[in-house]
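Notes for the one structure printed next.
The figures that follow rest on heavy atoms only: side chains count, while hydrogens, waters and symmetry mates do not. For clarity, every value in this text was computed on a predicted model and none was experimentally measured.
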Amino acid sequence: MPRAARRLLHLVLFCPLSKGLQSRLPAIKVKYLLLAWLGVLVASWVVYMQYASYSELCRGHVCHVVICDHYRRGIISGSSCKALCDQRTLTLQHCMSTSSTRQVYGGLWKEGPVVIKCGIEDPGKMDGAPDSVLRQEMTLFDKPTRGTSMDEFKEMLHSFFKANLGEQASLSTLGDRVIILADVNQDGKVSLAEAKSIWALLQINEFLLMVALQEKEHAPRLLGFCGDLYVTEHVGHSSLYRLEVPLYLQPLVPEALSSSLNHWLAPAWPRRARITIGLLEFVEVFHGSYGSFLICDASPRHVGYNANFDCKMADLRNVASEAVVRGYLRGRRCETNADCTFARDCTATCDRLVKQCNTEVVQPNLAKVCVLLQDFLLFGAPADLRGDLEKQLRTCVTLSGLASQMEVHHSLVLNNLKTLLWKKISNTQYS
């Protein structure tokens, strides 16, 4: 390396620490230079972390290869397979994954935005062989087996729904709905590939809930599927708040700062009131013809809204049927209430005498939603409404999941909240 180039490199790398530079420049300029270098280092670290997380979390190409390989071999079927694998009109564009085993991509289909979801094996558990993902997928599509009759398949579906949704009079109706969905070519029959695909999809909690709640306007619409990959409508805003700080930056960003920024970026209060009414209506449908469902992670990241500010649940993974939660808690050994927690916050009490969990969840859906609304709805609320709103939300947050309270008291609190908000925004452009 020429001497002049070495000298230039030395100045670039070590000028903030150079005594000669400090003697020539005022101290204030040296401080600015140090701050600039610190900014460069932080920015470089952020770029590196972003790249590292992207390469680890975003593996949509693996999903595409595996699904299309199975489709071409006749193992799976689906209403989106041709568009994904043959016509290439269904495309995975930008990565939205938060887990390496659950791929979520924004994409385009039929000239409209969609969300594409599929699951793949944990890269840490794969043996490194090129076909390790394919082997894992083969075990996923091992049911039903060849020779299974339509009556046997319907019985499989009924037993599955009973185990996951509880005993309901309408399970046969849900089974018929799934059969129609599986019949991609609409010939009145379900092929083995169609049956394998729909069975694999039903093992995904979110897909099962979308099928059960597909007539509800606040649940995302199912647009298509191929194997265990499925396509849903795009929700314009996939979170209540627009600013989401990445996990690796959260230690550096004070919670008060991110909260203030989210308040500043949030929609106007009347629009937040409209979103809130939709969210409360969605809580109501969780006690329907296919059983009761529990929100086990009431996070603003899972509640979204569209361009008309209508509430849309962007993520149903953390909603579980009451039957599944009770089955998990029944007979479970415990020392404290924390031992009786399903997912993040579906918590029951621990009977310390027998050291077993009770099966009744303490905090109902409405109370969890109201905890969320205390931050989302109260800031910027009209002065003449704020006092009543705070009172109703405090009452709502203290609701319990005891059977004696569930019906009348919960309905009264929910209706009071909706009425309070509708009175304020009715006969306006926001209604």
Side-chain angles (χ1 to χ4, degrees), residues 98-99 102 117 164-166 168 204-220 232 235 237-241 244 272 275-305 310-329 337-338 340-349 357-377 392-393 395-403 405-407 409-411 413-415 417-418:
T98 57
S99 167
R102 182 177 183 267
K117 302 180 180 182
N164 286 273
L165 301 176
Q168 308 291 333
I204 303 171
N205 181 60
E206 183 178 49
F207 184 87
L208 174 61
L209 289 177
M210 278 196 295
V211 173
L213 301 172
Q214 69 175 2
E215 296 173 353
K216 309 302 181 184
E217 60 178 320
H218 302 301
T232 70
V235 178
H237 303 274
S238 58
S239 173
L240 279 183
Y241 297 118
E244 287 193 46
R272 280 183 277 131
I275 296 166
T276 298
I277 291 169
L279 181 55
L280 294 172
E281 288 174 347
F282 190 65
V283 171
E284 286 183 293
V285 308
F286 277 0
H287 301 280
S289 55
Y290 299 123
S292 298
F293 301 93
L294 298 171
I295 301 173
C296 292
D297 185 0
S299 166
R301 297 189 304 273
H302 303 149
V303 182
Y305 55 93
D310 297 318
C311 174
K312 287 281 187 180
M313 293 297 292
D315 192 339
L316 290 171
R317 283 181 302 160
N318 294 286
V319 176
S321 71
E322 190 175 34
V324 168
V325 176
R326 284 180 178 272
Y328 173 84
L329 295 171
N337 290 352
C340 302
T341 302
F342 178 87
R344 182 168 176 254
D345 57 13
C346 277
T347 303
T349 55
C357 296
N358 294 312
T359 58
E360 219 168 57
V361 173
V362 174
Q363 193 179 31
N365 292 329
L366 185 55
K368 294 174 186 175
V369 166
C370 286
V371 171
L372 195 64
L373 294 177
Q374 282 182 317
D375 182 59
F376 180 71
L377 196 58
Q392 291 294 334
L393 287 174
T395 302
C396 179
V397 166
T398 58
L399 291 172
S400 76
L402 298 177
Q405 275 198 14
M406 284 297 282
E407 297 297 330
H409 194 192
H410 288 206
S411 297
V413 172
L414 190 144
N415 288 330
L417 271 171
K418 287 171 59 179

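- Within the 4.5 Å cutoff, side-chain heavy atoms of Leu366 are placed close to those of Leu280.
- Rounding to the nearest 0.5 angstrom, the gap separating the CD atom in Glu217 from the CD atom in Glu281 is 6.0 Å.
- Note that CG of Leu279 is 13.5 Å distant from NZ of Lys312, once rounded to the nearest 0.5 Å.
- Taking both residues in full, the closest heavy atoms of Cys296 and Ala320 are given as SG-CB, 4.3 Å, listed atom of the first, atom of the second, then distance.
- A donor-acceptor pair under 3.5 Å is formed between the side chain of Ser321 and the backbone N or O of Asn164.
- Using a 4.5 Å cut-off on side-chain heavy atoms (C-beta onward), Lys117 and Ile204 make no contact.
- Panel note: side chain Asn205, backbone Arg317; a donor-acceptor pair is recorded below 3.5 Å.
- The structure places CD of Glu322 at 5.5 Å from CG of Leu294, a figure rounded to the nearest 0.5 Å.
- Counting all heavy atoms, side chain and backbone alike, Val362 lies closest to Pro364 at O-CD, 3.5 Å.
- By the disulfide bond (SG atoms under 2.5 Å apart) test, Cys311 is found to be paired with no residue, residues two or more places apart in sequence or in another chain being considered.
- Leu329 CG to Glu360 CD: the interatomic distance, rounded to the nearest 0.5 Å, is 11.0 Å.
- Side-chain contact between Leu417 and Leu393 is present, with at least one heavy-atom pair separated by less than 4.5 Å.
- Separating the NE2 atom in His302 from the CG atom in Leu240 is a distance of 11.0 Å, to the nearest 0.5 Å.
- Minimum interatomic distance between Met313 and Leu316 (heavy atoms only, all atoms of both residues): CB-CD2, 3.9 Å.
- Once rounded to the nearest 0.5 Å, the distance linking CD of Glu206 with CG of Leu209 reads 8.0 Å.
- Without hydrogens or angle criteria, Ser239 side chain to Pro300 main chain gives a donor-acceptor distance under 3.5 Å.
- Side-chain contact between Asp315 and Arg301 is absent, with no heavy-atom pair separated by less than 4.5 Å.
- Listed by chain and residue number, Thr349, Asp351 satisfy the side-chain contact (heavy atoms from CB on, under 4.5 Å) test with Asn358 (two or more places apart in sequence, or in another chain).
- Using cut-offs of 30° and 60° for the angle between ring planes, the Tyr305 and His237 rings count as parallel.
- The shortest heavy-atom contact between Phe342 and Val325 is CD2-CG2, 3.8 Å.
- Within the 4.5 Å cutoff, side-chain heavy atoms of Phe293 are placed close to those of Leu165.
- By the 4.5 Å heavy-atom criterion applied to side chains, Leu373 and Phe376 are counted as neighbours.
- Taking every heavy atom of both residues into account, Gly166 and Ala323 meet most closely at N-CB, 3.5 Å.
- Annotation: side chain of Lys418 is in contact with side chain of Glu284 (closest heavy-atom distance under 4.5 Å).
- At least one side-chain heavy atom of Asp345 sits under 4.5 Å from a side-chain heavy atom of Lys368.
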